[in-house]
Amino acid sequence: MMQKIVNFIQTLYNTKEFIPLHEPKFIGNEKKYLNECIDSTFVSSVGKFVDRFEEEFAAYVGSKYAVAVVNGTAALHVSLRLAEVQEGDEVITQPLTFVATCNAISYCGAKSIFVDVDLDSMGMSPQSLENFLEKNCEIQDNQCINKATKKVIRACVPMHTFGHPCKIDEIQKICETWHITLVEDAAESLGSFYKNKHTGTFGKLGAFSFNGNKIITSGGGGVIVTDDEVLAKKAKHLTTTAKLPHDYEYIHDIVAYNYRMPNLNASLLVAQMEELEKFLASKRSLTEEYTNFFTQFDDINLIQEPHGTRSNYWLQAVLLKDKENRDALLHYTNENGVMTRPIWKLMSELEMFRDCQKTDLSNAEYLQERVVNLPSSVRL
Ligand SMILES: Cc1ncc(COP(=O)(O)O)c(C=O)c1O
């Protein structure tokens, strides 16, 4: 079976050379726009490509505003700051995520609380979230208070794992009921829709990443989306050193960040956005081929988009019978020039988050032992 899998992936990518997990594709106007950007000399913190990207991105996802930043982690950090997460607060998230989600919570001086994920989406389980809140929290002065710690639970950060949308409308309702601000970690889910609405646009704020391994990339980059004009303005201010507009004077009114996306990166991103539909179609055809291929094996299945969603299938993932089978697949494929990866180690098991409060995490633990990512690069 192992050799069959390696052979199949080699035919998918039409090579016997090393096959990476995900490589970027630059097949459109990338060089043209980069050259235009260099020729203009506006390669840094101002320039037309940043504005153009923000407009086009907001229009694509259907949010009123988009603010481009240096990376997805910065987008999350600033989104949490705008959700007024502060020192001593608590933020609910999922243990099955990339470490940046929890790092951003920690940057604000807040502590993560982990609730379980659903098996189908691998994203936050509304049931687990609601159970946690009902058992452990109460509303006081329009704030959600954790009865055990007496701290305010200020925000909730679900994540759309590998581009598969989680049950975000249910999570949104629960957050509303409990006076918790919803911030979506949509880093992996550009092009993914939940009931025809783009991921990242359900929360008060949403954060996306354009790291080199994402569906489109600017080398490094991120964006914050929101429908709230005041928050959008604050996002811009907070990510641009809080400089007050003036022709020549340097006046800054708060301690802020230098998180603005350089125009050079934005020029690459504008070109990548033009390719997005092609990339999404290519991912779906890859999913179809993987799905058909794996039907011949009983103990390994390609994870499909949850019901009612349209996933971008950013990273293809299979579910194996147990950890032993998972390790055998990881070992064989990596030994034979096909890059595969396990899902992340749970955040709740990492040294720095081990003492965070958590619910029963059976589903996250189950997935941690069984999920493997397969080569997922766009084929064009
Ligand atoms: C779920 C998730 N959150 C946050 C990030 C952080 O994005 P970046 O690497 O652009 O900082 C990533 C990806 O890198 C991610 O996968």
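Note that the coordinates shown come from a computational prediction; the quantities given were computed from them, not determined experimentally. Whatever order the structure lists them in is the order used to number ligands and atoms, beginning at 1.
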Mutual orientation of the aromatic rings belonging to Trp314 and Phe162 [parallel < 30°, tilted 30-60°, perpendicular > 60°]: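 Judged by the thresholds at 30° and 60°, the geometry between Trp314 and Phe162 is tilted.
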
Charged N-O contact under 4.0 Å between Arg284 and Glu288: no

Lys167/Asp120 ion pair, N-O < 4.0 Å: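 Judged by the 4.0 Å cut-off on N to carboxylate O distance, Lys167 and Asp120 do form a salt bridge.
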
Asn146 (side chain) donor-acceptor with Ala148 (main chain) under 3.5 angstrom: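 A pair under 3.5 Å: yes.
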
Phe210/Phe53 aromatic ring centres below 6.0 Å: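 Between Phe53 and Phe210, which both carry aromatic rings, the centre distance is below 6.0 Å.
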
Output block, N or O contacts of ligand 1, threshold 3.5 Å exclusive:
residue  : atom   : partner : partner atom : Å
ligand 1 : 3 (N)  : Asp185  : OD1          : 3.3
ligand 1 : 3 (N)  : Asp185  : OD2          : 2.8
ligand 1 : 7 (O)  : Ser209  : OG           : 3.3
ligand 1 : 10 (O) : Gly72   : N            : 2.7
ligand 1 : 10 (O) : Ser209  : OG           : 2.7
ligand 1 : 11 (O) : Gly72   : N            : 3.3
ligand 1 : 11 (O) : Thr73   : N            : 2.9
ligand 1 : 11 (O) : Thr73   : OG1          : 2.5
ligand 1 : 14 (O) : Lys214  : NZ           : 3.0
ligand 1 : 16 (O) : Glu188  : OE2          : 2.6

Transitive ILVMFWY cluster of Val152, excluding itself - 4.5 Å side-chain cut-off: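 Answer for Val152: Ile145.
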
